[in-house]
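Following: one structure in structure tokens, then a few remarks.
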Number of protein chains: 2
Amino acid sequence: MDEIKSPSFKPLYQQVKELMVLRLTDRSWAPGSILPSEALLAAEFGVSQGTVRKALDELTSENLLRRSQGRGTFVTEHTANRSLFHFLNMVDQNNEKQIPESHLVSIASGLATESEAIDLGLIESMNVIRIQRNRSLEGIPVITEEIVVSSNRTPGLENYPLPLPNTLYQLYEKDFGFSVTSAREWLTAVSANQQQAQHLNVEVGAPLLCVKRIAYTYNAQPVELRISLCHTANHSYLSELT
Amino acid sequence: MDEIKSPSFKPLYQQVKELMVLRLTDRSWAPGSILPSEALLAAEFGVSQGTVRKALDELTSENLLRRSQGRGTFVTEHTANRSLFHFLNMVDQNNEKQIPESHLVSIASGLATESEAIDLGLIESMNVIRIQRNRSLEGIPVITEEIVVSSNRTPGLENYPLPLPNTLYQLYEKDFGFSVTSAREWLTAVSANQQQAQHLNVEVGAPLLCVKRIAYTYNAQPVELRISLCHTANHSYLSELT
DNA sequence: GAGTGGTCTAGACCACGAA
DNA sequence: TCGTGGTCTAGACCACTCT
């Protein structure tokens, strides 16, 4: 009999990595908590320490884990800093990120539109929660945005005690048990309509940067849709190409 | 005597990596060429194969090298594909990148403005070459842009036989001996002026996406400034956050 | 000093590509 | 069949953090 010629070879460290992602997904490794040491993990998974290390290193480079020499390996969590800085690309004219303030305009639940259902991977016209808010940088209104999440993922969010926290991703993680781990953004230029112009204190028809974001949790599941309109007179969106 | 307590400890693989970047910079490893095998490099640098591998892996993740199992390790070069796809983030409504056509408007040399000199790391008012061109996707004019490079880096470019190639980064690499390895882009929304409106076949005052790019070669040296105005009715700028 | 992650080594074996 | 990069192991030692 011929031996099997690796019809679907998958390296050990990738299998280990997948098991680790499972633990992150089901929260047996919760955000902010510390993992067992490399040696313990190696013993537990029955592989060498080098193999565990390769899996951990990949998860670290994907920002799912954070390692610190002498202290240990931790599950990345949405601290205020991470939410505000890692997932907000607006910089001022010195290329520095500022801390935004948020002002809630409205929050309500309703049926998902067809395009929202597609973007969020929902079936038909399920219920969603919509949040409108404005954000200021250094006291000046710069962003007006609408946020859409499935009611299934955030039950009761529309009745959450106000004010909502500035950093929604922290809220999702702490109160609703899912973590945003990556996102894609589509940028276009649009003209301000009357409502946007009012929120941003510009004239109707002024050019605005429109940022449509879909945020994903582990394994690229979409969890949030966000459309932000940004006034770019004194700020710009910074993108690094490598 | 106390021993030195590692006042500036630098791992071996990083030292090896720096030596490798030197070879890339001085082109003793030229774009597109193949590197010696891991075993040979290990012998040459006097370190283990694992250490060489770690240096090579980092350079690969920075897109300076490309590795291929069974074939070897190669210096990344600016093929048409890399220039057009890796450094052009405009996608159509199906999230697909299209091949752009370029139409030269003008090319001339002149003195750098103060802001150009700052962006390109030049001293005072050195000479630069400015290229204006329009780019179409699927036959529709979508981008009008100005490109600025130091005359020192591209001597005689203003008299280059026309038409200029579609992919300038290939030209820089092949004819002027420097490679673009990374870039930063700042995005804002602006209103079309008369000239832009004409090039893009839109009305004066229409919103346009303004992309200011600084492109860098090895070791983060700035080499090119580019300001692109994009008509985003049917295309958008895609940015991935991880 | 004990425990953690980070570096470095040497060697075995596997998957892949090309001749 | 050979040479390449890719995986996996076992073990030694180093740098860092905390107690």
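The chains referred to below are lettered A, B, ... by the order of the sequence lines, with proteins before strands, and numbering in each begins at 1.
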#### Entry: Under-4.0 Å side-chain N/O to phosphate OP1/OP2 contact, T51(B) with dT7(C)
no
#### Entry: Separation of dG17(C) C1' from I34(B) CD1 (nearest whole Å)
11 Å
### Query
Over its full length, what angle do the end axes of the helix from dG1(C)-dC18(D) to dA18(C)-dT1(D) make, each axis taken from five pairs and the result rounded to 10 degrees?
10°
### Message
I'd like to know if the side chain of R133(A) reaches the main chain of L164(A), judged simply by a donor and an acceptor atom lying under 3.5 Å from each other, with no hydrogens or angles considered.
### Response
no
### Task
Flag the pair F87(B) / H78(B) as yes when their ring centroid distance falls below 6.0 Å, and as no otherwise.
yes
### Query
Taking only N and O in the side chain of R53(B), is any of them less than 4.0 Å away from OP1 or OP2 of dG6(D)?
yes
### Message
Give me each pair satisfying ring-ring contact (aromatic ring centres under 6.0 Å, His included) with a member in residues 10-52 of chain A, each pair once, sequence neighbours excluded.
### Response
none
#### Entry: Stretch residues 62-69 of chain B: residues that reach within less than 4.0 Å of DNA chain D through a heavy atom
R67(B), S68(B), Q69(B)
### Summary
Taken to the nearest whole Å, CZ/F74(A) to P/dC18(D) is 9 Å
### Message
Nearest whole Å is fine: how far is dT7(C) C1' from L12(B) CG?
### Response
8 Å
### Query
If only side-chain N and O atoms of K54(A) are considered, is one of them under 4.0 Å from the OP1 or OP2 phosphate oxygen of dT7(D)?
yes
### Task
Compare the minimum distances between each of dC8(C), dG5(D), dC8(D) and the side chain of S48(B), then state the nucleotide with the smallest one.
dC8(C)
### Summary
Closest non-hydrogen contact found for R27(A) with G177(A) is NE-O, 3.4 Å
### Query
Can you check whether R226(A) reaches V211(A) side chain to side chain, under 4.5 Å on heavy atoms?
no
### Task
Let me know the distance between CD of Q49(A) and P of dT9(C), rounded to the nearest Å.
18 Å
### Name of the residue among Y216(B), Y172(B), F178(B) meeting side chain to side chain contact (heavy atoms under 4.5 Å, CB included) with E224(B)
Y172(B)
### Summary
Winner on side-chain proximity to S37(A), out of dT4(C), dG6(C), dC18(D), is dT4(C)
#### Entry: Length of the CG-C1' vector between D57(B) and dT4(D), whole Å
14 Å
### Query
Rounded to the nearest 0.5 Å, how far apart are NZ of K10(A) and CD of E18(A)?
4.0 Å
### Query
Is the closest side-chain heavy-atom distance between L64(A) and M20(A) below 4.5 Å?
no
### Task
Using atom types as modelled and distance alone, determine if a side-chain donor or acceptor of S61(A) lies under 3.5 Å from a backbone N or O of E58(A).
yes
### Interatomic distance, E58(B) CD vs dG6(C) P [rounded to whole Å]
12 Å
### Message
In whole Å, I'd like the distance from the CD atom of E38(B) to the P atom of dC8(C).
### Response
16 Å
### Query
Rounded to the Å, how far apart are K17(B) NZ and dT7(C) C1'?
15 Å
